[in-house]
Amino acid sequence: MSQLFSPLQLKHHTLKNRIIVSPMCQYTATDGFATDWHLVHLGQFATGQAAAIIQEATAVVPEGRITYGDLGIWSDEHIVKLQQITQFIREQNCIPGIQLAHAGRKASCEKPWISRDQIAPDHQNGWQTVGPSTIPFHPKDHPPVALTKAEIQETVEAFKQATLRAIQAGYEIIELHGAHGYLIHQFFSPLINNRTDEYGGSFEHRIRFLLEIVDAIQPLLTTQSLWVRISATDWADGGWTIEESVELAKILQDKGVEVIDVSTGGGVREQKITTGPNYQVPFAAQIKNNTTLVVGAVGEIKTGPQAETILQQNEADLIFIAREFLRDPHFVMTASRQLQVEIPWAPQYERGKE
């Protein structure tokens with residue numbers, strides 16, 4: 001029997017298969033507001049039988065956006081359109097999730113199809129970035145301002161308020177973005193975080209920011225599932241390591257996190273990554289072998305048989321797919337045919353089986 005198409009039971013939810021739509025920024029919002037593009041973009045994956053969809057990085061404060069086109073959830077006014085999106089996803093027997101994020105020093109950038117360059121704070125669509133320290137991501141970037149301890153607490157509160165809005169908007173999965181060089185990851189990495197207070201230095205201090213966010217939002221959750229995405233390694237000497245990721249995962253497990261979504265890299269420009277099929281899977285496998293968390297693997301996973309093998313080899317419990325869904329929004333249906341597994345289709349699409 002196919003593991004890819006077997007259900008997975010979480011505490012309050014049943015995933016109908018093991019295929020999760022990974023967060024993919026669309027850079028198509030205005031002042032953080034979702035549009036019909038987001039409804040159609042996410043809705044197509046729901047009609048295509050994905051088990052759950054994690055909405056793109058959604059900023060908890062305006063200055064936490066990667067670009068001026070990012071989604072936001074810092075205002076109650078953002079909720080109405082998001083409710084429409086989550087309602088449609090649920091109607092397709094799919095679980096809606098949201099990735100709460102703050103870009104830190106990698107914020108205030110141009111949309112990627114224009115340049116990806118950072119926009120200076122005194123230019124249109126730009127703003128002053130923040131981080132754990134004043135080290136910029138790129139030498140030509142405007143340096144971030146190091147967050148004070150009071151501002152760190154304000155940011156924790158922003159994640160808390162964003163979680164309340166996400167629950168009101170109907171999201172059933174809350175994923176915290178601790179990967180790809182954004183703010184939470186910036187605190188993790190010694191290459192980025194050179195603080196000397198209780199938020200820098202030792203491993204315990206560098207993970208404090210994330211743990212404070214988890215502690216702040218956990219009491220708000222009733223039936224919602226808490227997930228965390230991490231970069232398991234910086235791929236750079238002196239940076240965040242897989243060994244630290246395993247230790248962090250154990251702590252998150254004890255704090256009630258249900259799923260850890262294991263990516264890598266994105267923190268520093270000097271990273272040295274060798275990409276290819278399954279290149280990040282060994283990191284997911286190492287965390288899976290050392291915790292009881294549900295573990296997701298992501299990166300260069302493009303076919304049903306490839307995903308099935310990862311699960312059969314006990315390297316992960318869930319498969320997160322991003323770019324392949326852009327190429328094939330009904331990838332789940334494609335994978336089922338590749339594995340010769342019969343799955344239900346939306347009744348409107350049933351005649352496509354013939």
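Values below: every heavy atom of this structure, side chains too, minus hydrogens, waters and symmetry copies. This structure is a prediction, so every number in the text was calculated from the model and none was measured.
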Close side-chain approach of Ile85 to Pro96, heavy-atom, < 4.5 Å: no

Between Glu91 and Gln87, a side-chain donor and acceptor under 3.5 Å: yes

His12 atom NE2: more than 12 heavy-atom contacts under 6.0 Å: yes

Lys106 and Gln186 side chains, donor-acceptor separation under 3.5 Å: no

N/O donor-acceptor pair under 3.5 Å between Gln118 side chain and Arg105 backbone: yes

Under 3.5 Å side-chain donor-acceptor pair for Gln84 and Lys81: yes

Donor-acceptor under 3.5 Å (Ser231 side chain, Asp234 main chain): no

Contact summary for Ser263 and His180, nearest pair of heavy atoms: OG-NE2, 2.7 Å

Ser2 side chain to Glu308 side chain, donor-acceptor N/O pair below 3.5 angstrom: yes

Short side-chain donor-acceptor distance under 3.5 Å, Gln161 and Glu157: yes

Short side-chain donor-acceptor distance under 3.5 Å, Gln306 and Asn278: yes

Check: Ser245/Glu247 side-chain N/O donor and acceptor closer than 3.5 Å: no

Under 3.5 Å: donor-acceptor pair, side chain of Thr86, backbone of Ala169: yes

ring-ring contact (aromatic ring centres under 6.0 Å, His included) partner of His330, chosen from Phe325, Trp345, Tyr349: Tyr349

Side chain to side chain contact (heavy atoms under 4.5 Å, CB included) evaluation trace for Val246 with Asn289: CA-CA 9 Å; Val246 169; Asn289 291 335; over 6 Å; no

Backbone of Arg18 reached by a side-chain donor or acceptor of Gln3 within 3.5 Å: no

Pairing residues for Lys140 by the salt bridge (charged side-chain N to carboxylate O under 4.0 Å, His left out) criterion, not counting sequence neighbours: Asp117

Glu172 side chain vs Ile95 backbone, donor-acceptor pair below 3.5 Å: no

Polar side chain donor-acceptor pair, Gln286 to Glu243, under 3.5 angstrom: no

pair Leu100-Tyr171: side-chain heavy atoms closer than 4.5 Å: no

Between Glu110 and Ser115: side-chain donor-acceptor atoms closer than 3.5 Å: no

Plane angle bin for Phe320 and Trp227 - parallel if under 30°, tilted between 30 and 60°, otherwise perpendicular: perpendicular

Expected output: side-chain His185 to main-chain Tyr182 donor-acceptor under 3.5 Å: no

